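The block underneath contains the structure these notes are about, expressed in structure tokens.
Here is the naming used below: chain letters follow the sequence lines, and residue numbers restart at 1 for every chain. Bear in mind the structure is a predicted one, so any value in this text is a computation, not a measurement.
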Number of protein chains: 2
Amino acid sequence: MISSQANLFLASLSSKNRDFLLERSTPVTLPLRTVLYNAEEVPSHAYFITSGIASVVSTMSSGATAEVGIIGREGIAGSLQLLGPGLVPTHCFMQLDGTGLKIPFSELKKAFRSSEDVRDRANEFIQEQVLSLSQLAGCNRFHEAEERLARWLLMVQDRTQSDVLNLTQEFLAMMLGAQRSTVTLVAGSLQRSGLIEYQRGRVKILNRENLEAAACDCYQVTKHLYANLYKQSTPGGRK
Amino acid sequence: MISSQANLFLASLSSKNRDFLLERSTPVTLPLRTVLYNAEEVPSHAYFITSGIASVVSTMSSGATAEVGIIGREGIAGSLQLLGPGLVPTHCFMQLDGTGLKIPFSELKKAFRSSEDVRDRANEFIQEQVLSLSQLAGCNRFHEAEERLARWLLMVQDRTQSDVLNLTQEFLAMMLGAQRSTVTLVAGSLQRSGLIEYQRGRVKILNRENLEAAACDCYQVTKHLYANLYKQSTPGGRK
DNA sequence: TGCATTATGTTGCATATCGAACAGACGAAA
DNA sequence: TTTCGTCTGTTCGATATGCAACATAATGCA
């Protein structure tokens with residue numbers, strides 16, 4: 001049984017609205033690589049993530065990929081589609097396995113349209129995604145692989161609270177939009193500096209403080225956006 | 001006098017809602033470099049662009065800049081701030097001078113909150129911005145300066161209908177997130193191929209078709225997003 | 001235990017772009 | 001016309017990363 005507080009978006013709603021959505025949702029496990037939506041498709045379901053992490057990924061025609069969004073238990077996979085009929089050019093899948101609540105997209109959309117509370121909170125989440133993306137778009141352009149890797153690990157850790165992450169270098173390369181050999185290089189550098197430790201698909205963060213110093217400023221920017229999410233709402237749904 | 005149809009967002013609204021917003025708006029000229037909003041500030045006004053182009057720009061702590069959004073007469077500068085209390089990390093200014101309608105941000109927000117029509121259309125515009133950004137974030141990472149320059153010129157031309165653009169290489173460098181000398185290189189290449197022609201702050205597009213071929217696929221993706229904007233609404237405000 | 005699979009290490013060359021500097025060219029203002 | 005500021009051309013070394021190939025090491029399955 002998943003707590004109704006496990007997803008921060010749901011937790012930020014009034015109990016009435018939360019119950020409305022919960023009644024229409026089904027708890028699901030979300031194993032690694034589960035696809036939450038595909039590019040250019042109207043999703044059948046949206047997902048309230050309750051554990052694990054989903055990645056929103058942009059794929060170029062060359063096949064190169066880069067992460068452009070990250071969703072943990074604070075959010076909803078499939079929220080961008082609420083805004084309009086535009087076809088989303090990204091896809092979204094589980095990057096670290098976890099759990100969630102699955103709701104028919106049409107039901108979520110109905111709530112989004114009819115409830116101001118649902119809409120306000122969903123818009124807040126969408127805004128956080130968009131503003132982070134604005135920052136990360138620049139980050140992808142200017143910052144070096146090592147800084148980006150550090151930033152990325154920190155962002156993931158913030159959303160899992162775990163200091164051990166199951167991630168291969170191959171996978172990290174896809175997230176960072178880099179070659180796998182580049183990841184080997186920069187991850188090796190971080191390891192030699194004692195900031196992380198890794199082995200075959202397992203990364204452990206050893207020194208968070210120094211890792212933050214090794215990351216680009218984009219980490220701080222997105223961290224604040226993340227930290228302030230739902231802050232104005234009434235936690236626990238007291239409203 | 002600016003036609004009420006000059007801004008496509010306003011044109012997509014019902015006449016009642018359009019009038020509501022027009023009554024609260026002031027026509028303004030928007031000279032080159034006019035700042036429409038700053039980073040981390042709640043804007044005092046939003047702007048419905050009626051001519052010219054605004055750029056949404058991300059600035060890194062190093063001072064490096066890259067464009068992460070572009071707004072022509074289809075849109076609203078200051079729409080992201082409607083979604084929530086998050087502090088927008090980008091700033092926005094006129095990249096080609098033009099005109100617009102200036103409205104107190106609080107008035108626009110009021111309409112956004114109270115009118116479903118306003119909200120739906122604004123959300124559509126926001127979605128177009130976000131989905132384009134998702135694509136361009138990857139573009140910034142993977143595509144070379146020449147492709148990006150071609151894409152960028154095309155995107156600007158789509159929003160101005162003019163084949164002569166007043167832009168210096170220095171400025172293009174800021175938009176593309178590149179060195180000015182790199183822009184000289186790739187612009188020279190495009191000129192030698194007969195796709196563009198330029199001289200001291202003036203770029204002329206000579207061969208649109210071949211320029212599209214020189215641009216990365218991101219152009220097509222964002223073009224479709226742009227072309228389909230407000231398509232489902234009732235143009236002219238018949239609704 | 002052995003074997004296949006997968007993850008990581010490493011190397012080497014190619015290259016786009018950076019970063020900085022300087023020179024020339026154009027145009028507006030005096 | 002002269003001057004000055006701005007825009008553009010060009011060079012050149014430095015470098016992060018791409019791209020490809022192969023070697024090694026760890027894991028899990030048969």
Side-chain angles (χ1 to χ4, degrees), chain A residues 32-33 60-66 95-96 138-153 164-193 196-204 214-216, chain B residues 32-33 59-67 95-96 138-153 164-193 196-204 214-216:
Chain A
L32 202 63
R33 306 297 161 110
M60 302 287 109
S61 56
S62 68
T65 60
Q95 161 214 306
L96 290 175
C139 183
N140 276 340
R141 178 88 202 93
F142 296 114
H143 296 151
E144 289 174 9
E146 187 165 331
E147 303 175 281
R148 300 208 312 281
L149 174 56
R151 162 183 67 73
W152 193 87
L153 291 173
V164 177
L165 309 169
N166 289 312
L167 301 160
T168 67
Q169 296 190 359
E170 177 80 43
F171 181 81
L172 288 169
M174 285 176 50
M175 293 296 103
L176 299 177
Q179 294 284 118
R180 202 262 310 153
S181 59
T182 300
V183 173
T184 301
L185 240 55
V186 300
S189 167
L190 291 179
Q191 178 161 252
R192 274 191 302 283
S193 309
I196 64 172
E197 181 182 88
Y198 61 91
Q199 55 186 296
R200 278 188 85 75
R202 190 174 152 283
V203 180
K204 181 168 183 180
C216 47
Chain B
L32 202 63
R33 308 294 162 109
T59 305
M60 303 288 110
S61 56
S62 68
T65 61
E67 187 184 64
Q95 159 212 310
L96 291 175
C139 183
N140 276 340
R141 179 87 202 93
F142 296 115
H143 296 150
E144 291 174 7
E146 187 167 332
E147 305 175 279
R148 300 208 313 280
L149 174 55
R151 162 183 67 71
W152 193 86
L153 291 172
V164 176
L165 309 169
N166 289 314
L167 302 160
T168 66
Q169 296 189 357
E170 177 79 44
F171 181 81
L172 287 170
M174 285 177 51
M175 294 295 103
L176 299 177
Q179 293 282 117
R180 204 260 312 151
S181 59
T182 301
V183 173
T184 302
L185 239 55
V186 300
S189 167
L190 291 179
Q191 178 160 251
R192 276 190 300 283
S193 308
I196 65 172
E197 183 182 270
Y198 62 90
Q199 54 185 298
R200 280 187 86 74
R202 190 174 152 283
V203 180
K204 181 170 183 180
C216 48

(request) Determine the minimum heavy-atom distance between A/R151 and A/C139, stating which atoms define it. (result) NE-SG, 3.3 Å

(request) Working to the nearest 0.5 Å, report the span between CG of A/N140 and CG of B/N140. (result) 7.5 Å

(message) Whole angstroms only, please: what is the CZ-P distance between B/R202 and C/dA28?
(response) 12 Å

(request) Check the distance between C/dA7's C1' and A/Q191's CD and give it to me in whole angstrom. (result) 14 Å

(request) Just jot down the side-chain contact (heavy atoms from CB on, under 4.5 Å) partners of B/F171, sequence neighbours excluded, or say none. (result) B/R33, B/F93, B/Q95, B/W152, B/L167, B/T168, B/M175

Check nucleotides 15-19 of chain D for protein N or O atoms closer than 3.5 Å to its own N or O atoms and list the pairs.
from, atom 1, to, atom 2, distance (Å)
D/dT17, OP1, A/A145, N, 2.6
D/dG18, OP2, A/Q179, N, 3.0
D/dG18, OP2, A/T182, OG1, 2.7
D/dC19, OP2, A/Q179, OE1, 3.2

Anything under 3.5 Å between a donor and an acceptor, one on a side chain of residues 178-188 of chain B, the other on a protein residue two or more places apart or in another chain? List them.
from, atom 1, to, atom 2, distance (Å)
B/R180, NH1, B/T184, OG1, 3.2
B/T184, OG1, B/Q169, OE1, 2.6
B/T184, OG1, B/R180, O, 3.2

Any protein N or O atoms within reach of nucleotides 24-26 of chain C? Criterion: under 3.5 Å, listing atom names and distances.
from, atom 1, to, atom 2, distance (Å)
C/dC26, O2, B/R200, NH1, 3.3
C/dC26, O2, B/R200, NH2, 3.3

(message) With each end axis built from five pairs of C1' atoms, what bend angle do you get for the helix from C/dT1-D/dA30 to C/dA30-D/dT1? Round to 10°.
(response) 30°

(message) Going by side-chain hydrogen bond (donor to acceptor under 3.5 Å, both in side chains), name the residues that satisfy it together with A/S61, two or more places apart in sequence or in a different chain.
(response) B/D217

(message) Could you work out, with side-chain contact (heavy atoms from CB on, under 4.5 Å) as the rule, every residue matching A/R202, not counting sequence neighbours?
(response) A/V164, A/N166, A/Q199, A/K204

(request) Could you identify which residues of residues 164-172 of chain A place a heavy atom less than 4.0 Å from some atom of DNA chain D, listed by residue number, or say none? (result) none

(message) Side-chain N or O of B/Y198 versus OP1/OP2 of D/dG9: is the shortest distance under 4.0 Å?
(response) yes

(message) Please find the pair of heavy atoms, one from A/F142 and one from B/A66, that lie closest to each other, and give the distance.
(response) CE1-CB, 3.8 Å

(request) Only counting residues at least two apart or in another chain, list the ones meeting side-chain contact (heavy atoms from CB on, under 4.5 Å) with B/M174. (result) B/T65

(message) I need the minimum non-hydrogen distance between B/R141 and A/G177, along with the two atoms involved.
(response) NE-O, 3.0 Å

With a 3.5 Å cut-off and sequence neighbours excluded, list the donor-acceptor pairs that the side chains of residues 143-150 of chain A form with protein atoms.
from, atom 1, to, atom 2, distance (Å)
A/E146, OE1, A/S189, OG, 3.0
A/E146, OE2, A/S189, OG, 3.1
A/E147, OE1, A/E144, N, 2.9
A/R148, NH1, A/H143, O, 2.7
A/R148, NH2, A/L176, O, 2.8

(request) Could you state the atom-to-atom distance from CG of B/L149 to P of D/dT8 in whole Å? (result) 12 Å

